[in-house]
Amino acid sequence: MTAAANTSPAPWRADLFILPLIVALGALAALIEAARSPDPAMVIQAWTFLACMIAIGAFYLKTYGGGIPLEEREGYANNVVKAGVIASMFWGIAGMLVGLIIALQLSFPNLFYFPDWAWTNFGRMRPLHTSAVIFAFGGNVLIATSFYVVQRTSRARLFGGSLPWFVFWGYNTFIVLAGTGYLLGVTEGREYAEPEWYADLWLTVVWVGYLLTFLGTIIKRKEPHIYVANWFYLAFIATIAMLHIVNNLSIPVSPLETKSVSLFSGVQDALTQWWYGHNAVGFFLTAGFLGIMYYFIPKRAERPVYSYRLSIVHFWTLIFIYIWAGPHHLLYTALPDWAQTLGMTFSVILWMPSWGGMINGLMTLSGAWDKLRTDPVIRMLVVSVAFYGMSTFEGPVMSVRTVNALSHYTNWTIGHVHSGALGWVGYVSFGALYCLVPWLWKKKALFSNALVEWHFWISTLGIVLYITSMWVAGIMQGLMWRAYNDFGFLEYSFVETVVAMHPYYIIRALGGLMYLTGVLIMAYNLWRTVKDAPAEAAVPANLVAAEAV
């Protein structure tokens, strides 16, 4: 089929004018920054951004230069979801590889560190790891799955024409800009919000496009009901927008330099940071991925959601309670006691809606428990919900003042974070990707279920090694910090606590290596699925009825 047959003359369409204009203006701004900036880091960032703008412009020219592609005139927008799946796997491997490197650096400080190459320093690679696994891997998974789910449950193509592609390429441009900035030493020093002002501005533009795409699809839906997964996705998109804007309110030192100064200071700055930080966990890493749970578990198990009423209660209680829990990160600080107590109280209350969602996810398998033996993908999805339940029990416990006095600033917190990240976020993402690849590439099944089994068991053992070593190390660390001798002096110096951590750091690195090995097995399995798995029978290209899940 010729290119002409795949396209038609393009009527004037707002997205094909506005979006390339944004890209062109971005390229112009980058060129000015590169030519005028006295800041070497800004010059490198400007050239990086310019290269990304040229790549996006080339994509638009290739895709829309001859007219509207056939893919945009028939059926659902699947190609952008496919791109999201590929990007998710790429960033997942990259981010977890960096995580393994910095875990080994904690065990053997001179490993992978070269004094003449500042970017190999732990302090620069650590934010690269967190942003790569949370925002690059997790963000691409959320964008891809939300684009897939909202179309199927609304029986409507994604809104905005080429806007979904702008969201995909624009978001990954932000990832590249942020990651290269960290390696250059460009950072705001704000947990989970490290990128500087210019990257934040670009992400704001992209995120508005994301909200318009998702909300526009729901508005033009052909189904009267908005499925619950879409409520969770929408809450994630809208709340992250608010968090991002408020937490990143800052004034650049100069429009031509990387550095900026926050509008907040002192304890107000700390409170704003952890209002953002905890709700980034609550809405990016919880609400968004609960949207995945509420679609992919029922779909894979071929069972309806256990209780749709409970899912609605879960949604409203979660979003109203989670937003107040951030101050529990600032116990025993200059924050007023009432605010600390508020954060602790809402954190404990948060246990109930979280477990309501966990129960709803697990009980969806009622009548289909045998699938846990025969389908490793559904097993991975269900285990992710179990980790969600465990993490949302541990979090409220750690927010209680007396427990927090022991756990805070120790490796126990690291273990808690990674039980949620590896077990909950990682496994529900892997399960969704295992589902999406055969569906999108129209394959009968995955290339190998045996490889999924290997992935599951190797990575599960890796998680167990990781979190148990950090639990033991953290509790020991906290007890050593607060131990006094008979004369009232500290029993242990800080260096002695660092030495005591060494074997546990090695175990953690081993657990991370096993988890990364599982992801590499998964990437191979998905690649072979696309390349070699038998194709399913052809189906009509027109839209089918919305899925009943």
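In terms of the side chain to side chain contact (heavy atoms under 4.5 Å, CB included) criterion, residue partners of W355 (sequence neighbours excluded) are, by chain and number, W351, M358, T392, F393. Applying the ring pair (Phe, Tyr, Trp, His ring centres under 6.0 Å) test to W197 and every residue at least two apart in sequence or in another chain returns nothing. Residues passing the side chain to side chain contact (heavy atoms under 4.5 Å, CB included) test with W231, sequence neighbours excluded: I226, F315. By the ring pair (Phe, Tyr, Trp, His ring centres under 6.0 Å) test, Y198 pairs with no residue at all, sequence neighbours left out. Residues satisfying the side chain to side chain contact (heavy atoms under 4.5 Å, CB included) criterion with R36, sequence neighbours excluded, are I32, L256. Residues that satisfy the ring pair (Phe, Tyr, Trp, His ring centres under 6.0 Å) test with H328, not counting sequence neighbours, are H278. Shown here are the ring pair (Phe, Tyr, Trp, His ring centres under 6.0 Å) partners of W91, two or more places apart in sequence or in another chain: there are none. Not counting sequence neighbours, the partners of L50 by the side chain to side chain contact (heavy atoms under 4.5 Å, CB included) test are A27, A30, L31, W47, I54.
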For residues 280-290, which side-chain donor-acceptor pairs fall under 3.5 Å, sequence neighbours excluded?
| residue | atom | partner | partner atom | Å |
| --- | --- | --- | --- | --- |
| T286 | OG1 | V281 | O | 2.9 |

Solution key, residues 500-509 side-chain donor-acceptor pairs under 3.5 Å, sequence neighbours excluded:
| residue | atom | partner | partner atom | Å |
| --- | --- | --- | --- | --- |
| H502 | ND1 | S107 | O | 3.2 |
| Y505 | OH | N411 | ND2 | 3.3 |

Can you list, pair by pair, the side-chain donor-acceptor contacts under 3.5 Å of residues 177-188, counting residues two or more places apart and other chains?
| residue | atom | partner | partner atom | Å |
| --- | --- | --- | --- | --- |
| T180 | OG1 | Q45 | NE2 | 2.8 |
| T180 | OG1 | V176 | O | 2.8 |
| T180 | OG1 | L177 | O | 3.2 |
| Y182 | OH | S131 | OG | 2.8 |
| T187 | OG1 | G189 | N | 2.9 |
| T187 | OG1 | E194 | OE1 | 2.2 |

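Among residues at least two apart or in separate chains, there is no salt bridge (charged side-chain N to carboxylate O under 4.0 Å, His left out) pair with a member in residues 478-491.
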